[in-house]
Amino acid sequence: MNLFEVYPLYEVTPVKAKGSSVWDDKNQEYLDLYGGHGVISVGHSHPVYVEKMTTQLQAIGFYSNAVQNPLQQQLATKLGEVSSCEDYNLFLCNSGAEANENALKVASFVTGKSRVISFENSFHGRTSASVSVTDNKNIQAKINTFNPVSILPLNDLFLLESALKKGDVCAVIIEGIQGVGGLDEGTSAFFKGLKNLCLKYEALLILDEIQSGYGRSGAFFAYQHHQIKPDMVTVAKGMGNGFPIAGVLIHESIKASYGMLGTTFGGNHLGCAAGLAVLEIIEKEQLLKNVLTISEYFKEQVKDLPGVKKVKGKGLMIGLEFDFEVGDLRKKLIYEEYIFTGGAMNKNLLRILPPLNISKKEIDVFVTALKNIL
Ligand SMILES: Cc1ncc(COP(=O)(O)O)c(C=O)c1O
């Protein structure tokens with residue numbers, strides 16, 4: 001059997017990783033400024049993470065959601081504390097798309113309505129409801145086009161109210177900071193207006209923090225920069241530092257009922273151990289502080305580089321917008337300077353999503369590399 005080839009691949013085969021470094025099968029070291037697509041939050045193979053995962057696997061790796069698993073409550077309690085979201089309940093699942101799928105479903109269950117509002121350039125995943133609210137027709141199959149969806153420009157409260165007024169909207173879903181699209185984000189005034197309009201027209205507000213959450217923006221959740229309170233928050237990527245675990249934080253005003261949601265693998269023992277290890281490391285090593293320090297340093301170092309038009313994003317979710325397409329630059333960074341970076345729908349934008357404990361020295365390596373190429 002061969003693979004169903006859906007990914008265009010770089011010619012690199014990672015076999016080992018530690019902190020912000022990855023080694024290929026020829027023992028070449030790479031600097032990881034991409035974190036495997038914003039997934040590596042606490043650094044590759046962090047010793048606390050490895051120890052907790054190993055111990056858990058030796059005890060029990062999986063049993064179903066039909067029996068008690070106290071690790072799930074431990075994870076929910078810890079996540080509530082670390083994120084200051086103690087008035088939410090947690091539903092555990094396996095991937096970002098699945099988290100959004102469940103959040104949209106809850107919104108429809110609760111309100112009895114079905115239209116969803118999302119925003120231009122958004123990315124929410126590839127399952128049915130999630131892809132229907134993603135602004136990219138190329139990844140939607142016919143079967144994904146039956147949900148009523150309105151995709152609106154960011155930061156336009158007038159158009160938002162016109163759409164909500166029709167009375168059929170169950171949810172508005174928005175990324176804390178847009179990832180795949182290219183690091184655009186709502187203003188504080190927009191987020192506040194959005195929250196008020198959702199209250200006025202009885203639609204639920206879902207914050208997709210799958211990429212922007214877990215400390216990446218310098219706050220635990222990017223929406224916390226805007227002093228609002230969503231009805232639901234979806235998390236994945238950084239949550240398990242590479243182990244597939246995701247979740248929906250659901251405000252306690254929304255009541256659960258047996259059978260409303262469910263999954264075979266979600267909240268399994270190994271996933272919870274990964275989630276607990278990540279939160280412990282974020283807290284003990286004060287990674288949010290490091291994110292802010294390194295972010296400031298990074299932005300200072302790159303702002304005057306030739307070709308850099310704009311530096312976008314917050315914390316360690318940074319977009320470098322050039323006055324040219326960055327495809328070749330990314331290739332040179334990988335093959336000549338041995339540095340992983342990300343791209344975006346905005347072809348001129350280089351996406352930087354390093355582990356949250358990256359150092360200034362590692363940023364210097366990147367800046368020197370960029371200077372060499374540019
Ligand atoms: C903001 C956002 N939402 C949802 C997803 C989908 O997550 P997953 O690939 O785990 O399904 C992604 C993935 O890139 C994302 O960036």
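All residue numbers in this chain count up from 1 along the given sequence. Order of listing sets the numbers, starting from 1, for every ligand and every atom in it.
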**Student:** Looking at atom 9 (O) of ligand 1, is any protein heavy atom nearer than 4.0 Å to it?
**Tutor:**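 It does not: no protein heavy atom is found less than 4.0 Å away from atom 9 (O) of ligand 1.
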
**Student:** Using heavy atoms and a threshold below 4.0 Å, how should the contact between His124 and ligand 1 be classified: side chain, backbone, both, or neither?
**Tutor:**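 The answer is the backbone.
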
**Student:** Please could you name the atoms of ligand 1 that His37 approaches to less than 4.0 Å, counting only its heavy atoms?
**Tutor:**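 By the 4.0 Å cutoff, the relevant atoms are 14 (O).
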
**Student:** Flag the pair Glu296 and Lys299 as a salt bridge only when some basic side-chain nitrogen lies within less than 4.0 angstrom of an acidic carboxylate oxygen.
**Tutor:**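 The answer is no: the pair does not qualify as a salt bridge.
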
**Student:** State, without any angle test, whether Gln140 and Thr145 hold a side-chain donor-acceptor pair at a distance under 3.5 Å.
**Tutor:**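 No, no side-chain donor-acceptor contact under 3.5 Å.
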
**Student:** Among all protein non-hydrogen atoms, which one is nearest to atom 7 (O) of ligand 1, and what is the separation to 0.1 Å?
**Tutor:**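 For atom 7 (O) of ligand 1, the nearest protein heavy atom is Gly96 CA, 3.3 Å.
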
**Student:** Should Gly179 be listed as contacting ligand 1, given a heavy-atom distance under 4.0 Å as the test?
**Tutor:**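 For ligand 1, residue contact (heavy atoms, under 4.0 Å) with Gly179 is absent.
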
**Student:** Under the criterion ring pair (Phe, Tyr, Trp, His ring centres under 6.0 Å), which of Trp23, Phe366, Phe340, Tyr10 is the partner of Tyr30?
**Tutor:**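 Answer after filtering Trp23, Phe366, Phe340, Tyr10: Phe340.
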
**Student:** Using a strict cut-off of 4.0 Å, indicate which atoms of ligand 1 neighbour a heavy atom of Ile210.
**Tutor:**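 Once the distances to Ile210 are compared, the set is 2 (C), 3 (N), 4 (C), 5 (C), 12 (C), 15 (C).
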
**Student:** At what distance is the nearest protein heavy atom to atom 2 (C) of ligand 1, and which residue and atom is it?
**Tutor:**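 For atom 2 (C) of ligand 1, the nearest protein heavy atom comes out as Phe123 O, 3.4 Å.
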
**Student:** Under 4.0 Å, heavy-atom basis, I'd like to know which part of Thr234 is in contact with ligand 1: side chain, backbone, both or neither.
**Tutor:**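 The answer is neither; Thr234 stays 4.0 Å or more away.
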
**Student:** Any N or O of Asp208 that comes nearer than 3.5 Å to an N or O of ligand 1?
**Tutor:**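 Min N/O separation from ligand 1 is below 3.5 Å for Asp208.
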
**Student:** Establish, from distance only, whether the side-chain atoms of Glu51 and Thr54 form a donor-acceptor pair under 3.5 Å.
**Tutor:**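 No pair is found: no donor N or O on one side chain lies under 3.5 Å from an acceptor on the other.
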
**Student:** If we count only N and O atoms by modelled type, under 3.5 Å, do the side chains of Ser118 and His124 hold a donor and an acceptor together?
**Tutor:**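 Ser118 vs His124: no donor-acceptor pair found between side chains.
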
**Student:** Looking only at distances, please establish whether an N/O atom of ligand 1 is found under 3.5 Å from an N/O atom of Gly125.
**Tutor:**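 No, Gly125 has no N/O under 3.5 Å of an N/O on ligand 1.
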
**Student:** Is ligand 1 under 4.0 Å from a heavy atom in the side chain of Glu98, in the backbone, in both, or in neither?
**Tutor:**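 Under 4.0 Å from ligand 1, Glu98 contributes no heavy atoms.
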
**Student:** With distance as the sole criterion, is a donor-acceptor pair present between the side chains of Thr77 and Glu81 under 3.5 Å?
**Tutor:**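 No, Glu81 and Thr77 have no side-chain donor paired with an acceptor closer than 3.5 Å.
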
**Student:** At less than 4.0 angstrom from any non-hydrogen atom of Ser95, what atoms of ligand 1 do you find?
**Tutor:**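 Those of ligand 1 that fall under 4.0 Å from Ser95 are 10 (O), 11 (O).
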
**Student:** Can you find a pair of side-chain heavy atoms, one from Leu305 and one from Phe322, that are under 4.5 Å apart?
**Tutor:**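 Not touching, per the 4.5 Å side-chain cut-off.
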
**Student:** So among Asp184, Asn155, Ile173, Val172, which one has a side chain to side chain contact (heavy atoms under 4.5 Å, CB included) with Phe119?
**Tutor:**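 When Asp184, Asn155, Ile173, Val172 are each tested with Phe119, the side chain to side chain contact (heavy atoms under 4.5 Å, CB included) holds only for Val172.
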
**Student:** Could you list the atoms of ligand 1 found under 4.0 angstrom from a heavy atom of Glu175?
**Tutor:**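 Once the distances to Glu175 are compared, the set is 1 (C).
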
**Student:** For Lys237, is the nearest heavy atom under 4.0 Å from an atom of ligand 1?
**Tutor:**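 Within the 4.0 Å threshold, so yes.
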
**Student:** Taking only Lys NZ, Arg NE, NH1 and NH2, and the carboxylate oxygens of Asp or Glu, determine whether Lys78 and Glu280 approach each other closer than 4.0 Å.
**Tutor:**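 So Lys78 does not pair with Glu280 through a salt bridge.
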
**Student:** Among Arg216, Lys237, Arg351, exactly one meets side chain to side chain donor-acceptor pair (under 3.5 Å) together with Gln211. Which residue is that?
**Tutor:**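 For Gln211, the side chain to side chain donor-acceptor pair (under 3.5 Å) test succeeds with only one of Arg216, Lys237, Arg351, which is Arg351.
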
**Student:** I need the atoms of ligand 1 closer than 4.0 Å to a non-hydrogen atom of Asn100, numbered in the order shown.
**Tutor:**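 Atoms satisfying the 4.0 Å criterion: 3 (N), 4 (C).
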
**Student:** Counting heavy atoms only, which of Gly176, Ala97, Ser130 comes nearest to atom 6 (C) of ligand 1?
**Tutor:**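 Going through Gly176, Ala97, Ser130 one by one, Ala97 has the nearest heavy atom to atom 6 (C) of ligand 1.
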
**Student:** Does ligand 1 have any atom that is closer than 4.0 Å to a heavy atom of Glu209?
**Tutor:**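 It does not; every heavy atom stays at 4.0 Å or beyond.
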
**Student:** Enumerate the atoms of ligand 1 whose separation from the nearest heavy atom of Gln211 is less than 4.0 angstrom.
**Tutor:**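 Matching atoms, with element in brackets: 16 (O).
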
**Student:** How far does OG1 of Thr341 sit from CD1 of Ile352, to the nearest 0.5 angstrom?
**Tutor:**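 Nearest 0.5 Å value for the OG1-CD1 distance: 5.5 Å.
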
